[in-house]
Amino acid sequence: MSEGLREPGARCLLSRAYQRLWDSSQATLQELLDREQPLLEPVPQRDRQSFQYRLSSLYLCYLGLLRRFNTLYDHMGQPQKRRLLRRLLDSVAGRVLELKEELVRADLCETHCLDRVLQDLTLTLADLEVPIPRYFLLEQSIVLREQRLMLEHILSRMESVSLEQDFPAMHRTHAIILLQTAERARQGRLRATIMREIRREEERDRKMRKDGWHMFNQDQAAITIQKVWRGYLQRKRTQQARQIEMELIGMLPSRRQVESVGSVAQACPGEEAGRLRQVEKGEQFQVALVQTRDSLRDIEGPVLKEQTKEQIRQWFIECHALTGRFPDYPDESLGGSHLIFADKTPEQVKMELEMQVQESKTKNQEKNKEKEKEKKEKKKKRKEKKARIEEEDTMLKVLPSKFIPMMSAGHEEHKNLWKSPYDSVHPGQSFDPETLRVETRKDVEQALRIQVDELMRQELKNLRLAVGREVGRPLKFAKKNTEKKAGKKKEKDLTSNRSVDSLFEELITLDLLKKSETVALKDYVGDCLYLGSTLSLAKKLPMPSLFDIRQNMALYGVLRLGSSDIHSMAPLIRSILLVGPSGMGKKMLVKAVCTETGANLFDLSPDNLQGKYPGKTGAQTLVHIVFKVARLLQPSVIWIGNAEKNFYKTVPKEEQKMDPKRIKNDLTKAVRLLRPGDPVMLIGTTERPQLAEMKGLCQTSERVIFMPRPDYASRYELWKRMLEAQGIQVTQSLDISALAKVSEGYTAGHILKAIQSVLTEQRLLRLAKRPLVASEFLGHLAELEPVYKEEEESLKDWYFSTPLGKKMRRFIKDQEAREARLAKEKKKQK
């Protein structure tokens, strides 16, 4: 009985805590919206640092707000609040992506030094982490499961066929001989092991008989036992004192922290129960939504229809009385009768007709003058363009946001509907029927308006025929150039006669669509650069850390691919290029993006395309099928390993048969055809970008992420986490700091190989008797080839020859020249 009472009480406390978090998040959102307006004002170049600081602080605040909304969305049970939260969560995530773009424009770099801002805002490194909403995977779990089952079914069928081909039938006698040989070898190894143990025991007994037994009297035996016991107790006390000291100075986690981790692990079943309650409440809300829509359509629908008809008829009469003719009915693509009630009055219709007559008269005159003015206008445009470019270069400002209006609308809805305490009115977090009725009425009115428009168009035709025999003219409105923005060329469907399932199976059969390994993005271990701002002030360019690389992949890849709503409005990024030496985890990041978003993994690496889709049109067909299936089964990641081969300056002789450049042109065109709302990302990885043509590679890759060797802090985290992943508890006898120091120049792949070489099965069995020491790894590290500084410098020079790298280098030179000029002026004044 007590447990039954305790659970609702705990749930009530949790709901109040989340309500307080909801209210505080809305207050924070209001503060951030107030801080947005000053950023739109242009700032001169001399205030660049203050501009960067304001952008960075706003970016970190939005990250914190995104984390709060993500937590609330996971635990909120009220369906209507969840719909509002979803819109706010997507809009805040989109604003984070917009601010990331602004930071790139301001810093001229993909990574940013936020340590000073973190310190001023009293935030920790955990506040820099980009939260990944769980609904990315939860809301499409059924579709992902079906695709996974289909993929596994096709792969298993292929494996069975390959096994039949790879293993031909063997004669029975030959099979028996193989089995006998293996079994006799096993028995021989076992007998040798047993004989070795017997010989060791015999040798031990022989030495004992030869040396004789040392006899102790009672006092000597007691003293020996006391020495051993007291030594053990003292060592234990010393170890405990050392543990307390290390916990006090923060070098080791306290026992409370370890217990809190266990309590978090125990809380997982509670989260699952809460998720089931969310699903149950959502289903109840959907049932109520359908019932409310049907009742409104049946009860209020006829009345709304008649009222709308009467209003439109009145508009017909007024227009006819004013202009002498009936108006033209707006097309459905322009809004239909909604456009009439929103924007049009009879006076406006009359003005529009007069303007059309005047325009037709002046058109002929303007055509003759246009040719003469073209030359003058071109010169003016050139001058204006130069002036505008110079002005943009000298002024810094934030571009208008697409997500701020969404956040403002969501905040207003919260203030109008949900600011009052809700749980007291609607216990159990059920839906609000009045709010549901108001929202549903708008949808019903929209559906009825479309039906009324069809009827009134026919009625207007009948009126024209009956009254004045007028012929309807198409109503001309200013059309939005949506087609031009979407792209001038439309992609031709080369496989219109084939189903998606057949294309899907074909790509799996040809190993172009692969099953991605499950890798979490948080498993890409690395620490932050703590002295980035200090290095920048000292005129030293800080290199990106592994933490920065993980953050960029979360922002560029995961947040955009996880939601089509975010992708459709966020700054468009269609392709990423990961540049770094071998062992830096480039392929792991590709798999992590697929895991976090549930994306399909397509492999267009040159080595994987050899012999597939040959012929003149084979490359075009290959790229078309891959991008078509990727769009239809979104989200999707198209991976190209060794991406430099597609853009070789000179193809090596040994690779000429492979023809790695055959998809170059088709790939570039296909990437350009990706539009907002198509969660498809092209991710290339390369170790030798110097071999590729810079123009082609950078045109295909919109973002280039440079991955240098890990620094000391990241190497320390790598050693620690990788050892813990192998089940090793890091103790004082294992000096991780020394390992991180001596492994300079080695990548994460090198460190993992060294750990796997040392931690064999036999070594793991002996850990209790002989703990690990740092010296055991040195020999295995020495056998591996590190990444030398010259190789990293070569990659760095290549990065600074990319478009963004050139901008950064030019800015650094201009800044140095400005500082030198100011120093000369100061000397002259003295």
Side-chain angles (χ1 to χ4, degrees), residues 136-137 139-167 491-519 561-562 564 574-575 587 590-641 646 658-660 662-663 666-667 669-671 673-675 677-684:
F136 285 177
L137 295 176
E139 293 190 0
Q140 54 178 351
S141 58
I142 298 175
V143 178
L144 293 177
R145 193 182 302 115
E146 290 176 355
Q147 291 182 4
R148 196 181 304 114
L149 289 173
M150 184 177 177
L151 179 63
E152 290 175 353
H153 173 68
I154 297 172
L155 288 174
S156 62
R157 195 172 60 197
M158 288 172 57
E159 286 177 3
S160 61
V161 173
S162 63
L163 284 174
E164 291 175 1
Q165 294 175 354
D166 294 342
F167 295 99
E491 186 182 8
K492 185 179 178 182
D493 193 355
L494 303 177
T495 55
S496 56
N497 57 342
R498 296 188 58 184
S499 64
V500 181
D501 292 340
S502 66
L503 295 174
F504 185 74
E505 186 172 353
E506 181 178 323
L507 292 177
I508 296 173
T509 307
L510 293 174
D511 200 27
L512 295 173
L513 177 57
K514 297 188 173 182
K515 183 180 179 181
S516 177
E517 298 177 16
T518 303
V519 179
L561 292 180
S564 58
R574 293 168 283 202
S575 53
K587 196 184 297 185
V590 175
K591 295 174 183 176
V593 172
C594 295
T595 301
E596 299 292 351
T597 60
N600 297 296
L601 178 62
F602 297 84
D603 186 2
L604 283 183
S605 303
D607 299 331
N608 192 40
L609 299 182
Q610 191 171 5
K612 298 171 185 177
Y613 292 95
K616 293 182 179 179
T617 60
Q620 184 182 3
T621 306
L622 164 65
V623 174
H624 170 76
I625 291 175
V626 168
F627 275 82
K628 179 181 178 179
V629 176
R631 282 198 198 95
L632 295 173
L633 300 179
Q634 52 187 246
S636 301
V637 170
I638 301 172
W639 171 57
I640 301 181
N646 288 326
M658 184 172 64
D659 192 13
R662 68 189 184 107
I663 67 166
D666 297 301
L667 181 67
K669 292 176 185 177
V671 171
L673 288 172
L674 294 176
R675 298 297 165 213
D678 292 336
V680 178
M681 181 75 70
L682 176 72
I683 304 180

Enquirer: Find out whether Asp659 and Pro606 are in side-chain contact, i.e. whether some heavy atom of one side chain is under 4.5 Å from a heavy atom of the other.
Expert: no
Enquirer: For a side-chain contact (heavy atoms from CB on, under 4.5 Å) check, start with the C-alpha distance between Asn600 and Val629, then their side-chain angles and the critical distance, and finish with the verdict.
Expert: CA-CA 10 Å; Asn600 297 296; Val629 176; over 6 Å; no
Enquirer: Locate the shortest heavy-atom distance separating Asn646 from Pro660; write the atom from each residue and the value.
Expert: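 What the structure gives for the nearest pair is OD1-O, 2.8 Å.
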Enquirer: Give the minimum heavy-atom separation between Ile625 and Glu506, together with the two atoms involved.
Expert: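 Closest approach of Ile625 to Glu506: CD1-OE2, 4.1 Å.
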Enquirer: Identify the residue among Leu633, Asp603, Leu512 that makes a side-chain contact (heavy atoms from CB on, under 4.5 Å) with Leu507.
Expert: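 So the option named by the test is Leu512.
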Enquirer: Judged by atom type as modelled, is there a donor-acceptor pair below 3.5 Å linking the side chain of Gln610 to the main-chain atoms of Asp607?
Expert: no
Enquirer: As an exercise, state the distance from CG of Leu632 to CZ of Phe504, rounded to the nearest 0.5 Å.
Expert: 11.5 Å
Enquirer: Identify, with sequence neighbours excluded, every residue that meets side chain to side chain donor-acceptor pair (under 3.5 Å) alongside Ser502.
Expert: Ser499
Enquirer: Search all heavy atoms of Ser636 against all heavy atoms of Ala630 and return the closest pair with its distance.
Expert: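 Closest heavy-atom pair between Ser636 and Ala630: OG-O, 2.8 Å.
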Enquirer: For Thr597 versus Gly562, what's the shortest heavy-atom pair and its separation?
Expert: CG2-N, 3.9 Å
Enquirer: For Phe627 and Leu673: C-alpha separation, side-chain torsions, deciding distance, then whether side-chain contact (heavy atoms from CB on, under 4.5 Å) applies.
Expert: CA-CA 10 Å; Phe627 275 82; Leu673 288 172; over 6 Å; no
Enquirer: Verify the neighbour count for atom NZ of Lys515: are there more than 12 heavy atoms of other residues, nucleotides or ligands below 6.0 Å?
Expert: no
Enquirer: I'd like to know if the side chain of Lys628 and the backbone of Thr495 have a donor-acceptor N/O pair within less than 3.5 Å.
Expert: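 Yes: the side chain of Lys628 pairs with the backbone of Thr495.
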Enquirer: Taking atom NZ as the centre, does Lys514 end up with more than 12 heavy-atom neighbours from other residues, nucleotides or ligands that are less than 6.0 angstrom away?
Expert: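 Yes, enclosed.
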Enquirer: Using a 3.5 Å distance criterion without hydrogens, assess whether the side chain of Asn608 forms a donor-acceptor pair with backbone atoms of Asp511.
Expert: yes
Enquirer: Kindly say whether Val680 contributes a backbone atom to a donor-acceptor pair with the side chain of Asp678 at under 3.5 angstrom?
Expert: no
Enquirer: If you measure from NZ on Lys669 to CD on Gln620, what distance do you get to the nearest 0.5 Å?
Expert: 7.5 Å
Enquirer: Does a side-chain heavy-atom distance below 4.5 Å link Phe136 with Leu561?
Expert: no
Enquirer: Would you please name every residue forming a side chain to side chain donor-acceptor pair (under 3.5 Å) with Arg574, sequence neighbours left out?
Expert: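 For Arg574, the residues satisfying side chain to side chain donor-acceptor pair (under 3.5 Å) (neighbours in sequence not counted) are Glu702.
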